[in-house]
Visitor: 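This structure is in structure tokens; I'll ask about it shortly.
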Amino acid sequence: MEKHASMTRLLHPHVAPQAGGAPLVTPIHQTSTYELPRTDEAARIAAAVAPTGYYTRYGSPNAREAEAMLADLDGAEAALLVGSGMAAVSAALLSTVAADPGEILAQKSHYTGTLTLLQEMLPAFGRQVRLVPQEELAAAAGRQTRVVYVETPSNPTMTLTDLRAVRAAAPDAIIIADNTFATPYNTRPLDFGVDLVVQSATKYLNGHSDVTAGVVTGSAALIAKAWETARVLGPVCHPFEAWLLARGLKTFPLRMARHNANGLAVARFLAGHPAVRAVHHPGLPSHPQHDLAVRQMRGHGGMLAFTVADADAAVRVLRATKLCRNAVSLGGPETLITHPASLVFAHQSAEELAASGVDATMLRLSVGLEEPEDIVADLAAALSTVD
Ligand SMILES: Cc1ncc(COP(=O)(O)O)c(C=O)c1O
């Protein structure tokens, strides 16, 4: 009998109240559920939008902490943290298109997961989606447009969307902007009239290549709808990931300043290299939308794409770098190089690839936080193999 009681006690450990001061850093609330008060308060918590201390799929103290930081960075009323950037894109889009049969207008150039959602999944649910060349988005918007989905700069072509022009062209539509590449350090889309911002927090926001997460920011009313969608679809950002994200966010402005400086230094080096055909970086005056980049972005980030003579040369450069690591993803401390045509667009057809402005001569760089001279030296050595 005593053995039985001790085994039961294993499941109900006595947790002593904490002596001394409160922890400086929020502890990780690694629990899936919460003991509720034995009063009517329990039902009130259960019925609330995004309650804290109810059930971890509905939110956690760690997610709430990161959400408060992220809403503040974006100048938003509210934020919703979810388990990946694609979960943020899906929650934002599905929550806004659910009630309205009107047109969804988007770009031909988007992150590939977003393209699949727009081109295959939403039409399969009977939604009308029109994709237009990115620079023509504002001109294509009209009264029939209910939702406009933009990504600026877009992955991987670094093409920009003029947010103010889109707002003016579609005054009644809900505009959703993927701000993963720019980040709120460089552009705050809500300041330009956008309604909802989505970001892969996997990238610059966390900044350490060790978390997968996503965030939606906007008005409290739109975030409540996005939360309801995410509550049903279930893409949770777990407490440890949310804790890591809140930790990473503390150095976000310092990292972004360095990414901006390093990105420009590497772009300038590549633009002057004889083996490089074109460099796509909004900070270069040669970028066709440089004026817009200056108006809409405080700095131009660490992302860039460049092209070399042919597909074979691109693969040779990719394989010759040593410091720049061959990996997808972006926004981490280490410089990553990738070949979008064969890796990032692996799930897309050749036509979709071409429509996105990607070809096999293109390489994408996520310029990291290393000494810029070291990144340049590594690229110079790799480019000498095709010079
Ligand atoms: C612009 C953009 N949006 C969304 C995503 C999706 O983010 P995640 O991989 O965190 O789902 C990515 C991923 O690379 C991206 O580049």
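Note that ligands are numbered from 1 as they come in the structure, with each ligand's atoms numbered from 1 the same way. Along the sequence shown, the residues carry numbers beginning at 1.
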Visitor: For residues Arg316 and Thr385, is any side-chain donor paired with an opposing acceptor at under 3.5 Å?
Guide: no

Visitor: Is there side-chain contact between Pro37 and Ile45, with at least one heavy-atom pair below 4.5 Å?
Guide: yes

Visitor: Who are the residue neighbours of ligand 1 when the rule is a heavy atom under 4.0 Å from any of its atoms?
Guide: Ser84, Gly85, Met86, Tyr111, Glu151, Asn155, Asp178, Thr180, Phe181, Ser200, Thr202, Lys203, Ala213, Leu330

Visitor: Evaluate the side-chain proximity of Trp243 to Gln30: yes if any heavy-atom separation is below 4.5 Å, no if none is.
Guide: no

Visitor: In the hydrophobic clustering (ILVMFWY, side-chain contacts below 4.5 Å, transitive), which residues join Val215, or is it alone?
Guide: Met69, Leu70, Leu73, Leu81, Met158, Phe181, Tyr185, Tyr204, Leu205, Leu245, Leu249, Phe252, Met256, Met303, Leu330

Visitor: Ignoring hydrogens and geometry, is there a side-chain-to-backbone donor-acceptor pair from Arg295 to Asp162 under 3.5 Å?
Guide: no

Visitor: Using modelled atom types and a 3.5 Å cut-off, is there a donor and acceptor pairing between side-chain atoms of Asp378 and backbone atoms of Thr321?
Guide: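 No: the side chain of Asp378 does not pair with the backbone of Thr321.
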
